[in-house]
Amino acid sequence: MNKNLPQKLDTREPTTNQLIGASFSTTYVAVSSVLSSATTSIIIEESNATTRIVNDNIMWCRRLSLAFRRVAVTGRCNFSSLESDPICELASSTLRYGPSSTSEVGHDLAYMNAKRILLFVDPHIAKLDPFDTVLSSIEQHAPDGHVLDIYDEIRVEPNNDSFKHAIKFMAEKTNNHGSYDVIIALGGGSTIDTAKAANLYTCYPPEDFYDYVNPPLGKGLPVPGPITPLIAIPTTSGTGSETTGVAIFDDVPTKSKTGIAHRRLKPTLGVVDPNNMKSMPSSVAKYSGIDVLCHALESYTAIPFTARPSGRPASPILRPAYQGSNPISDIWSLHALKECSQYLPCIVSDPDGDVEARAKMCLAASTAGMGFGNAGVHLCHGMSYAVASQVKKFWVDGYPKKLNTDEENDHGLVPHGLSVVINAPSVFRFTGNLDKSDPLQKYTSDRHVECAMILANARMQRRGNTGQEVPSHRAVADRPGDALANELLELMRELDIPIGIRSLGYSEADVEELALGTLPQHRVTKLSPRQPVDLEELTNLFKDALDS
């Protein structure tokens, strides 16, 4: 037995001195030497494919968490190491929006005098009009003597192996022929994220692939400097990756989903062209669009930036990209929520013919990206990564049946948006019904009420006079988490989205593994407005999500 571990449960409330010593960083919980030597020990045991947390004093950690939240929300704290952060900031790509805006990309290359160009393109998109538009614009307007290389081996829902394949391609081209002047990514979030990763790892090759990967799976090293300019041209209304500094992938060895996050990964320019979404299958429109909705809901209901556990950083450069809900992100998140609640059913019904819905949804995807790219997401996304990476046989019509290997083809595929929203009713029942003693209760309740009312009003507007009435504000405020969950379930049924993870092939026997697979997602789970979120809470959330 480790003699440094506490031998019995410490039932004391944390003292001021212990609070001063506490530091919550990008690992699960980083506790200062004062704490670790006194009362709390957290061991992270890693064995091949599974990361497990053993916490010998979890109740004391919960008291510490509550005490910190009390300090952060009330401001009753005058010591710098736990100063709540009164500052928020917006970092985003330049956006160009409008029909046929893709045709201008060649002009951008000319302005940048870009002669060596690398184009990442989804293999499905490579057969469609947006690809021809990009090639034509490059041919007409790029500088004379330009060289265009194309990488089209994009994996839907990329993983560590597909990232490495793209990195190797770009690195070899760079080593043999020189650095690229600009990178273009044409496709959905999988394509744009793959381009971000290849760009970073080619510009600054690390000693180990996981050096840039978010903790605890990786070291989370910062991007050392500027990377090659990236022009992102989305062809789905979903991830908002054209505005964010995040690249997400499945980590095959640990059966989890993780990513790389840094402001320098943000595309230089995002070209949001509604014409590029004409070719979306209805199922892609559905699940990419529901992802937008969840981005908006989670960023708006995240812990407020003033209560973020890490507090005010020593330098603004160290302020995390995911800051918690804040007044700047709120503007973009609410815009996306209102547009999605009205236009998502329309684009699912007719992604090609409903021009207005297509225009509204592709812009909502970007504004949601600006919202969550600076506020963050929380449990819906945190839980989604385990759901998507551990699925066995489930597949959705409209998504490619052939992946990179026979092993992957035998694995199945849950579209990202589905893996997120299928957990959402369970999550919002958890986050929206805080105990009245919690210092964030009113803040969180008000936001869940507002989101539920937006969805309810949009539902009534879509359905017309059916004899139903919008629930009263008082009724929603009585149980805001339940109200928001119920509105989401209404929308999911309307869009014919599977309800509950049991429909994906999961059962009670899978709950523990799903919860363990979510534990590494501390970067987002810590942004839940209800804390703590430990193995016990995650297990209960997945149990509730089985049938939603």
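- Interatomic distance, L344 CG to L491 CG, rounded to the nearest 0.5 Å: 6.0 Å.
- In this structure, N423 contributes its side chain and S419 its backbone to a donor-acceptor pair below 3.5 Å.
- By the 4.0 Å N-to-carboxylate-O rule, K115 lies too far from D144 to be salt-bridged with it.
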Derivation and outcome, side chain to side chain donor-acceptor pair (under 3.5 Å), residues S333 and D330: CA-CA 5 Å; S333 298; D330 288 350; 5.5 Å; no

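- Geometric assessment of K173 against the ring of Y180 yields a negative cation-pi assignment under the 6.0 Å and 45° thresholds.
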Side chain to side chain donor-acceptor pair (under 3.5 Å) between S137 and E104: does it pass, once the steps are laid out? CA-CA 7 Å; S137 184; E104 296 184 348; over 6 Å; no

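- The two residues M492 and P498 come nearest to each other via the heavy atoms CE-O, 3.4 Å.
- Side chain of K278 to main chain of P351: no donor-acceptor pair is present (N/O by atom type, distance under 3.5 Å, no hydrogens or angles).
- For the residue pair N276 and T102, a side-chain donor N or O sits within less than 3.5 Å of a side-chain acceptor on the partner.
- A distance-only check finds a donor-acceptor pair linking the side chain of T194 to the backbone of S190 [under 3.5 Å].
- Side-chain atoms of D291 and S288 form no donor-acceptor pair, as typed in the model, at a separation below 3.5 Å.
- Distance OG1/T243 to CG/N374: 8.0 Å, rounded to 0.5 Å.
- Checking side-chain atoms of R447 against main-chain N and O of T301 turns up no donor-acceptor pair under 3.5 Å.
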Please report the C-alpha distance between H416 and Y385 in whole Å, then the side-chain angles of each, then the deciding distance to 0.1 Å, and finally whether the side chain to side chain donor-acceptor pair (under 3.5 Å) criterion is met. CA-CA 8 Å; H416 174 63; Y385 301 143; 5.4 Å; no

Does the side chain to side chain contact (heavy atoms under 4.5 Å, CB included) test come out yes or no for I150 and F131, once each step is laid out? CA-CA 11 Å; I150 297 174; F131 181 65; 3.9 Å; yes

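- A 6.0 Å sphere centred on CG of L318 holds more than 12 heavy atoms belonging to other residues, nucleotides or ligands.
- Looking at T235, V348, D352, I347 one by one, the single match for side chain to side chain contact (heavy atoms under 4.5 Å, CB included) with M280 turns out to be I347.
- Between Q521 and V524 the shortest side-chain heavy-atom distance falls below 4.5 Å.
- Counting only distance, with no hydrogens or angles, the side chain of N214 and the backbone of G259 share a donor-acceptor pair below 3.5 Å.
- Using modelled atom types, one finds no donor on one side chain facing an acceptor on the other under 3.5 Å when comparing Y322 with H378.
- Separating the OG1 atom in T258 from the CG atom in N160 is a distance of 10.5 Å, to the nearest 0.5 Å.
- Looking only at distances, no side-chain donor or acceptor of T94 sits under 3.5 Å from a matching main-chain atom of L269.
- Counting only distance, with no hydrogens or angles, the side chain of S101 and the backbone of Y97 share no donor-acceptor pair below 3.5 Å.
- With respect to the salt-bridge test (charged N to carboxylate O, under 4.0 angstrom), the residues E242 and R96 do not qualify.
- In N175, the CG atom is crowded: over 12 heavy atoms of neighbouring residues, nucleotides or ligands sit closer than 6.0 Å.
- Judged as a side chain to side chain contact (heavy atoms under 4.5 Å, CB included), and not counting sequence neighbours, the contacts of P226 are Y204, R264.
- N159 contributes a side-chain N or O that, together with a main-chain N or O of D161, makes up a donor-acceptor pair within less than 3.5 Å.
- Salt bridge absent: D251 and K257 never bring a charged side-chain N and a carboxylate O closer than 4.0 Å.
- A distance-only check finds a donor-acceptor pair linking the side chain of N176 to the backbone of E172 [under 3.5 Å].
- Note: L265 CG to S93 OG = 10.5 Å, rounded to the nearest 0.5 Å.
- Nearest heavy atoms, G289 versus C340: O-SG, 4.0 Å.
- For residues 267-315, the set of pairs meeting the ring pair (Phe, Tyr, Trp, His ring centres under 6.0 Å) definition, not counting sequence neighbours, comprises H295-F372, H295-H381.
- When the ring-ring contact (aromatic ring centres under 6.0 Å, His included) test is applied to F163, the partners found at least two apart in sequence or on another chain are F249.
- Applying the side chain to side chain contact (heavy atoms under 4.5 Å, CB included) test between I117 and each of D149, D181, V182, V147 identifies V182 as the sole match.
- For the pair V396 and L418, the minimum side-chain heavy-atom distance is below 4.5 Å.
- Contact check on R358 versus D273 returns no salt bridge, with no Lys/Arg side-chain nitrogen under 4.0 Å from an Asp/Glu carboxylate oxygen.
- Side-chain contact check for K196 and S241: at least one donor-acceptor pair (N or O, by modelled atom type) lies under 3.5 Å.
- Between the side chain of Y210 and the backbone N or O of L217, no donor-acceptor pair lies under 3.5 Å.
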